[in-house]
Amino acid sequence: MEPVHPEFVPDASLSREEMEALQRDIAEQAVFTDDLPVDPESVCHTRDAGQQRLDETESTGSDEPPTVVGVDQAFLDDDRAVSALVAMRGGEVVERVHAVAPTEIPYIPGLLSFREGGAILAGFRELTVEPDLAFFDGSGRIHFREAGLATHVGVTLDLPSVGVAKNLLCGTPRAPTDGLVEGDRVPIESNQKVTAPDGTVIGYAVQTRQYDSPNRHVNPLIVSAGHRVSAETAADLVLACSAGYKLPEPTRLADKYADEAKATVT
DNA sequence: GCGACAG
DNA sequence: ATCTTGTCGC
């Protein structure tokens, strides 16, 4: 698929000020409320043949499960990134594509999409299936200007998106995020470093997996809305797509595929 | 000057 | 993100 908003395609040649200005424009276009064709309850559930046939018989139109894409990146060297996309439908992988693109700028907190966005959009250009939702590795609305990687790419493609990060970029957890039980979530509120009004819930710390004994423990994922999804639904979707691992399946498989693709490319 | 930060 | 074997604990 191609960008719906070419003017938002990340341009690494912009000055830092211009990049930040673009992020403010993107945040204005971003929709942080639900506007997606995906039901959190049945997103990643595999349906048996009997159920599939029953559904097709009872409805007039096509009601196949939504297509969810997991996106992740790996690096070949300091100036080339590999983006890996794994598309899933009804709990099964339906397509895997990858693309290589130059990383024109170094990693700068808050400007990640300008470093990795090019490779990601190149990956989407290779994608054949029509995605209904995408999970990105990084933040969405949990960002200084409410335009993290997931929001930037989501708005550019006008694709419902969710940001799944392993660490908190900014914002303040409303309560301690340790010692959570699987399924738990703690709101992340905006503070003075975020453009949103103080106290706005910009995301959630989501415990997708946890050990039961007091020794080892798993840190929660930091989930935020990318585009056309609310913070609550973003958390629901991540939990719904998690299957015994810390990362939701689409992301976990994209992670693995990124390494495979990296080993393949020269 | 202090603080501080996705991948 | 990346460099990387063994190893601690379920």
Side-chain angles (χ1 to χ4, degrees), chain A residues 10 12 16 19-20 23 26-27 30 70-85 98 100-121 123 134-154 161-173 177 181-182 188-196 202-206 209-227 231 234 238 244-248 251-252 254-263 265:
Chain A
R16 179 169 189 142
M19 289 180 178
E20 297 184 350
Q23 293 183 320
I26 290 168
V71 185
D72 188 40
Q73 296 79 242
F75 298 85
L76 298 172
D77 41 69
D78 278 323
D79 8 70
R80 284 188 306 166
V82 182
S83 65
L85 286 68
H98 65 86
V100 178
T103 55
E104 308 175 73
I105 60 172
Y107 164 67
I108 300 172
L111 298 179
L112 182 64
S113 61
F114 289 91
R115 172 176 167 76
E116 311 186 345
I120 294 174
L121 289 175
F135 284 115
F136 291 95
D137 63 314
S139 289
R141 193 183 188 185
I142 294 182
H143 179 273
F144 309 119
R145 292 164 292 282
E146 299 177 87
L149 178 68
T151 299
H152 194 150
V153 179
S161 62
V162 172
V164 180
K166 299 182 190 66
N167 296 290
L168 187 60
L169 172 62
C170 57
T172 310
T177 59
V181 171
E182 270 184 24
I188 303 296
E189 302 181 332
S190 63
N191 51 33
Q192 301 187 323
K193 297 187 174 186
V194 182
T195 52
I202 53 177
Y204 285 93
V206 179
R209 178 177 186 189
Q210 188 55 284
Y211 293 135
D212 41 43
S213 81
N215 298 314
R216 282 174 80 84
H217 66 81
V218 179
N219 291 140
L221 285 176
I222 304 302
V223 180
S224 59
H227 181 46
V238 168
Y245 296 91
K246 176 169 178 172
L247 296 174
T251 299
R252 191 176 70 82
D255 224 62
K256 183 187 303 178
Y257 182 48
D259 286 331
E260 293 174 19
K262 176 181 178 179
V265 182

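Chain letters run A, B, ... following the sequence lines, proteins first and then strands; every chain starts at 1. From a predicted model like this one, the values you see are computed outputs, not experimental measurements.
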Could you tell me which non-hydrogen atom of Ser224(A) sits nearest to which non-hydrogen atom of Ser139(A), and how far apart they are? OG-C, 3.8 Å

Structure string for DNA chain C in dot-bracket form, Watson-Crick and G-U at under 3.5 Å, | interchain: ..........

Bounds of contact between DNA chain B and chain A, in 5' to 3' order, using a heavy-atom cut-off under 4.0 Å: dA4(B) to dG7(B)

With a 4.0 Å cut-off on heavy atoms, is Gly110(A) in touch with a base, just the backbone sugar-phosphate, or nothing at all? base

Between Asp77(A) and Arg80(A), does any NZ, NE, NH1 or NH2 come within less than 4.0 Å of an OD or OE carboxylate oxygen? yes

On a heavy-atom basis, which atom in Arg115(A) and which in Ile105(A) lie closest, and how many Å separate them? NH1-O, 2.8 Å

Between C1' on dG9(C) and CD on Gln210(A), what's the gap in Å once rounded to a whole number? 14 Å

Would you call Lys256(A)-Glu260(A) a salt bridge at under 4.0 Å N-O? no

Under 4.0 Å, counting only non-hydrogen atoms across every strand here, what does Leu168(A) touch: a base, just sugar-phosphate, or nothing? sugar-phosphate

At under 4.0 Å between heavy atoms, what does Tyr107(A) touch on the DNA or RNA strands: base, sugar-phosphate, or nothing? base

On DNA chain C, nearest-nucleotide positions of Gln73(A) versus Tyr211(A): which is more 5'? Gln73(A)

Atom CG of Asp79(A) to atom P of dA1(C): distance rounded to whole Å? 19 Å

Can you see whether Glu189(A) engages Thr172(A) through a side-chain donor-acceptor pair at a distance of less than 3.5 angstrom? no

As an exercise, state the distance from CZ of Arg209(A) to NZ of Lys246(A), rounded to the nearest 0.5 Å. 10.5 Å

Which atom pairs link the protein and nucleotides 3-8 of chain C when you take only N or O atoms and keep those under 3.5 Å?
| from | atom 1 | to | atom 2 | distance (Å) |
| --- | --- | --- | --- | --- |
| dC8(C) | O2 | Arg216(A) | NH1 | 3.4 |

Atom CG of Leu85(A) and atom NE2 of His98(A): how far apart are they, to the nearest 0.5 Å? 11.0 Å

Using a 4.0 Å heavy-atom cut-off across all strands, classify Ala81(A) as base, sugar-phosphate, or nothing. nothing

Between Ala196(A) and Ile202(A), the two heavy atoms sitting closest are CB-CG2, 4.4 Å

Backbone N or O of Gly110(A) within a donor-acceptor pair of the His143(A) side chain at under 3.5 Å? yes

Heavy-atom pair of closest approach, residues Ile142(A) and Val223(A): CD1-O, 4.0 Å

Nearest 0.5 angstrom please: Asp255(A) CG to Tyr245(A) OH, how far? 13.0 Å

Heavy atoms under 4.0 Å, any strand shown: does Leu221(A) hit a base, just sugar-phosphate, or nothing? nothing

